[in-house]
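The structure under discussion appears below in the form of structure tokens.
Numbered from 1 within each chain, the chains take letters A, B, ... in sequence-line order. Bear in mind the structure is a predicted one, so any value in this text is a computation, not a measurement.
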Amino acid sequence: MTVRTRFAPSPTGFLHIGGLRTALFCWLYARHHGGQFVLRIEDTDLERSTPEAIQQILDGMEWAGLDHDEGPFFQTKRFDRYKDVIEELLASGKAYRCYCSKQDLEQMRAQQIARGEKPRYDGRWRESTDSLPGVAPVVRFKNPLTGEAVVDDVVHGRVVFQNSELDDLIIARSDGTPTYNFCVVVDDMDMQITHVIRGDDHLNNTPRQLNMLLALGQRPPVYAHLPMILGPDGTKLSKRHGAVSVLQYRDEGYLPEAVLNYLVRLGWSHGDQEFFSIAEMIRLFDVADVNKSASAFDVDKLSWLNQQHMMRAPAARIVPLLRWHLDREGIQAGNEAQLEQIVVAQRERAKTVHEMAVNSAFFFRAPMTYDEKAVRKHVTADVSALLADAANQLAQLTDWSAPAIHALINRIAAANGVSLGKLAQPLRLAVCGGTVSPPIDATLAILGKTETLYRLTRALDIWGHGIRSLS
RNA sequence: GUCCCCAUCGUCUAGAGGCCUAGGACACAUCCCUUUCACGGAUGCGACCGGGGUUCGAAUCCCCGUGGGGACGCCA
């Protein structure tokens, strides 16, 4: 039997990091076993589901590269099917109509809580064949009253629930629409899902689903309930910390493979290995190796991994991303070859592509201002003379390459009896406006001869007015 | 409240009864490399939630606490 997994988000909000991790594990498991990965949109909540959220989820999945083999299926398009199954259960006496009003139920709950009991439906219509005229009933599943529901979970092991703890859940609302727990059962059955991999907040739903599946004469799938991902402070992921759309990570300059690498290590490991390519994840991942405890989201580690992936990826992989981020900074980027040089020069000093873009802006526009503190520190009268000399000699250089520039700068520094740093820092300041850039030879090489000389001249001119003499 | 789940450095984790003086990674600190910032390298800081058992021996197995999380909707 081929493995079939599914990711079934509800489009009531954006796809966040927790959802993406669930999707990743489902996807990895299917890919590892050469099975199918099904995408299903659980949109039975007509009130809260939105087309925007659906689009966000699809975009997020595409960005992450978690491609599905079937779907997306929409539950709202399967209402006829659910209706048929409900009729079937009603006809066979495995479900019944309940005419309680919402007020009745609220009252029931309030009383139970007051008595210190677990709030649950008391089954008052379970054996009744009566009806209440003028009242639209809900349909409830007739859960077994005794015995136990046993979930054999791949990550948690054997989890036992007493049927007496469960109540008769509503499977069809009074308006006739089916509810989540029921739709999941029918869908997983119809779509022949072999492995249900989902967050462990669903572990408590599983015995109910199991009982319905059994009532429908089905063999249950394999269950794997993944530990939750918590916010950085160890509490539930919420909008205040960390629960942002995965697309925000794209906008902040994270690579999808780095995000996936970070997520795969939350609740799963392979010895001491930290860096995983997508291919390695597929080869090595097994849901049976997932651990049980929740983990907190740590941006620092994500950033570190992102840099690792940027450094190891072919430069050409990063170029279009850098171009995109530069564009967002209002910078029309140069040609492919130049961008590739920039990526190579900058990737070990940026955690994200966005940071790389910001750090690289000076390549495309001459500095508007110069770091004042740095000017005070590095630019003196004799440094100006040194720079002027350097500008002259650079102007003579015919081979405008990093090695040639490197050799020339070394010669100039030596000839003037100063360390390389004494020359490199003011040079850097003149062309970048600040004291941070890739090595000066590479920086000048990428910048080009014309632009370098222009910036040098301009800086000398500007600085010439406010420079204090040493003596 | 009831039910279910979970528990190793600040964080992610290794650990399947002796290999543990508890290993790695992020972060942090110091040093080295160095033309800046980084990258890289080295060192350091730093944890088995508590209490009982079981065992010759427990981070690992069992029980009880404690703490955290989840569920208890005509939400998913």
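- Proximity of a side-chain donor or acceptor of A:S269 to a complementary backbone N or O of A:R265 within less than 3.5 Å is not detected.
- Distance check on atom C1': B:C9 versus B:C5 gives 24 Å, rounded to whole Å.
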Verdict with reasoning, A:D84 to A:R81, per salt bridge (charged side-chain N to carboxylate O under 4.0 Å, His left out): CA-CA 5 Å; A:D84 287 349; A:R81 168 64 179 152; 5.5 Å; no
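- Between A:N306 atom CG and B:C39 atom P there is a gap of 14 Å when expressed in whole angstrom units.
- The listed nucleotides are B:C4, B:C26, B:G69; the one nearest the side chain of A:D298 is B:C26.
- Side-chain N or O atoms of A:E280 include one that pairs as donor or acceptor with a backbone N or O of A:S277 at under 3.5 Å.
- The CG-C1' distance, from A:D200 to B:G69, rounds to 8 Å in whole Å.
- Between the CH2 atom of A:W304 and the P atom of B:G40 there is a distance of 8 Å, given to the nearest Å.
- The pair A:E257-A:R317 counts as a salt bridge, with a side-chain nitrogen and a carboxylate oxygen less than 4.0 angstrom apart.
- Rounding to whole angstrom units, CZ of residue A:R312 and P of B:C39 are separated by 14 Å.
- Listed nucleotides: B:G69, B:G24, B:C37. Nearest to the side chain of A:R265: B:G24.
- Base contact: A:C100 has a heavy atom under 4.0 Å from a base atom.
- A:N181 comes within 4.0 angstrom of a nucleotide base, judged by non-hydrogen atoms across all strands.
- For the OP1/OP2 pair of B:C74 and a distance below 4.0 Å, the side-chain nitrogens and oxygens of A:R109 include at least one atom meeting the criterion.
- Only at 4.0 angstrom or more do the heavy atoms of residues 144-155 of chain A sit from any atom of RNA chain B, so none qualifies.
- Among the atoms of the strands shown, none is found under 4.0 Å from any heavy atom of A:S49.
- Residue-environment remark: NZ (A:K422) stays at or below the threshold of 12 foreign heavy atoms within 6.0 Å.
- Searching all strands for a Watson-Crick or G-U wobble partner of B:A7 with both distances below 3.5 Å returns B:U66.
- As judged by a 4.0 angstrom heavy-atom cut-off over every strand, A:H225 is placed among residues making no nucleic acid contact.
- Residue contacts for A:T435: at a heavy-atom cut-off of 4.0 Å it reaches a base atom on one of the strands shown.
- Protein atom CD1 of A:I113 is 12 Å distant from nucleotide atom P of B:G1, rounded to whole Å.
- Residues A:D371 and A:K373 are not paired through a salt bridge, judged by the lack of any N-O separation under 4.0 Å between the basic side chain and the carboxylate.
- A close approach under 4.0 Å does occur between a side-chain nitrogen or oxygen of A:S269 and OP1 or OP2 of B:A14.
- Taking the charged nitrogens against the carboxylate oxygens, A:E165 and A:R120 have no contact shorter than 4.0 Å, which rules out a salt bridge.
- Nucleotides B:A25 and B:C33, compared at atom P, are 22 Å apart to the nearest Å.
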Anything under 3.5 Å between a protein N or O and an N or O of nucleotides 17-23 of chain B, put it in a table, one pair a line.
{"from": "B:G23", "atom 1": "N2", "to": "A:D272", "atom 2": "OD1", "distance (Å)": "3.1"}

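- The pair A:E42-A:R40 meets the salt-bridge criterion, since a charged nitrogen lies less than 4.0 angstrom from a carboxylate oxygen.
- The gap from the C1' atom of B:A7 to that of B:A29 amounts to 29 Å, rounded to the nearest Å.
- Dashed line: the shortest gap from a side-chain N or O of A:K118 to OP1 or OP2 of B:G1 is not under 4.0 Å.
- Distance, A:Y254 OH to B:C26 C1': 13 Å, rounded to whole Å.
- Using atom P as the reference point in both B:U21 and B:A47, the two lie 16 Å apart (nearest Å).
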Pair A:D190-A:R78, salt bridge (charged side-chain N to carboxylate O under 4.0 Å, His left out): steps then yes or no: CA-CA 11 Å; A:D190 288 355; A:R78 291 173 42 80; 2.8 Å; yes
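- Proximity note for A:N205 (side chain, C-beta onward) versus B:C12, B:A76, B:C26: the nearest is B:A76.
- Side-chain atoms of A:R349 come within 3.5 Å of backbone atoms of A:A345 as a donor-acceptor pair (strictly under, hydrogens ignored).
- Ring planes of A:F276 and A:H270: perpendicular class, angle over 60° (limits at 30 and 60°).
- In this structure, A:E148 and A:F161 have side chains that are not in contact, with every pair of non-hydrogen atoms separated by 4.5 Å or more.
- Base engagement by A:K102 is indicated by at least one non-hydrogen atom pair under 4.0 Å involving a base atom.
- Residue-level contact check: A:V138 touches the bases, meaning some heavy atom is under 4.0 Å from a base atom.
- Look at A:R120 and you won't find any side-chain N or O under 4.0 angstrom from OP1 or OP2 of B:U2.
- When heavy atoms are screened at a 4.0 angstrom cut-off, A:G267 is found touching the sugar-phosphate backbone but no base atom.
- For B:G40, one of the phosphate oxygens OP1 or OP2 lies less than 4.0 angstrom from a side-chain nitrogen or oxygen of A:Q308.
- Taking atom P in both B:A16 and B:G68, one finds a spacing of 30 Å when rounded to whole Å.
- Relative to the side chain of A:N204, the nucleotides B:C3, B:C12, B:A14 differ in distance, and B:C3 lies closest.
- Summarising the base pairing, B:C39 is matched to no nucleotide, lacking a Watson-Crick or G-U wobble pair whose two defining distances lie under 3.5 Å.
- Here A:R208 pairs with A:D167 in a salt bridge; the nearest charged N to carboxylate O distance falls below 4.0 Å.
- Put simply, A:S303 has no side-chain N or O that comes within less than 4.0 Å of OP1 or OP2 on B:C26.
- Counting any heavy atom pair closer than 4.0 Å across all strands shown, A:E165 reaches sugar-phosphate atoms only and no base atom.
- Pairing partner, B:G44: B:C28, with both Watson-Crick or wobble hydrogen-bond distances short of 3.5 Å.
- In summary, A:K83 and A:E87 do not engage in a salt bridge, as defined by a charged side-chain N under 4.0 Å from a carboxylate O.
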Protein and nucleotides 31-35 of chain B: nitrogen or oxygen contacts under 3.5 angstrom:
{"from": "B:U35", "atom 1": "O2", "to": "A:R428", "atom 2": "NH2", "distance (Å)": "2.7"}

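- Checking the phosphate oxygens (OP1, OP2) of B:U13, a side-chain nitrogen or oxygen of A:S295 falls inside 4.0 Å.
- No hydrogens or angles considered: a donor-acceptor pair under 3.5 Å links the side chains of A:H406 and A:D441.
- If you check distances only, the side chain of A:Q273 never reaches the base of B:G24 with a donor-acceptor pair under 3.5 Å.
- Rounding to whole angstrom units, CD of residue A:E47 and P of B:G73 are separated by 19 Å.
- The pair A:D298-A:K301 fails the salt-bridge criterion, with no side-chain N (NZ, NE, NH1 or NH2) lying under 4.0 Å from an Asp/Glu carboxylate O.
- Base-pair partner of B:C72: B:G1 (Watson-Crick or G-U wobble, both distances under 3.5 Å).
- Pairing for B:G17 is absent, with no Watson-Crick or G-U wobble pair whose two atom distances lie under 3.5 Å.
- Comparing A:A8 and A:F161 against RNA chain B, the residue whose closest nucleotide sits nearer the 5' end is A:F161.
- When distances are taken from the side chain of A:P119 to each of B:C72, B:C4, B:C6, the shortest belongs to B:C72.
- A:Q103 has its CD atom 12 Å from the C1' atom of B:C74, to the nearest Å.
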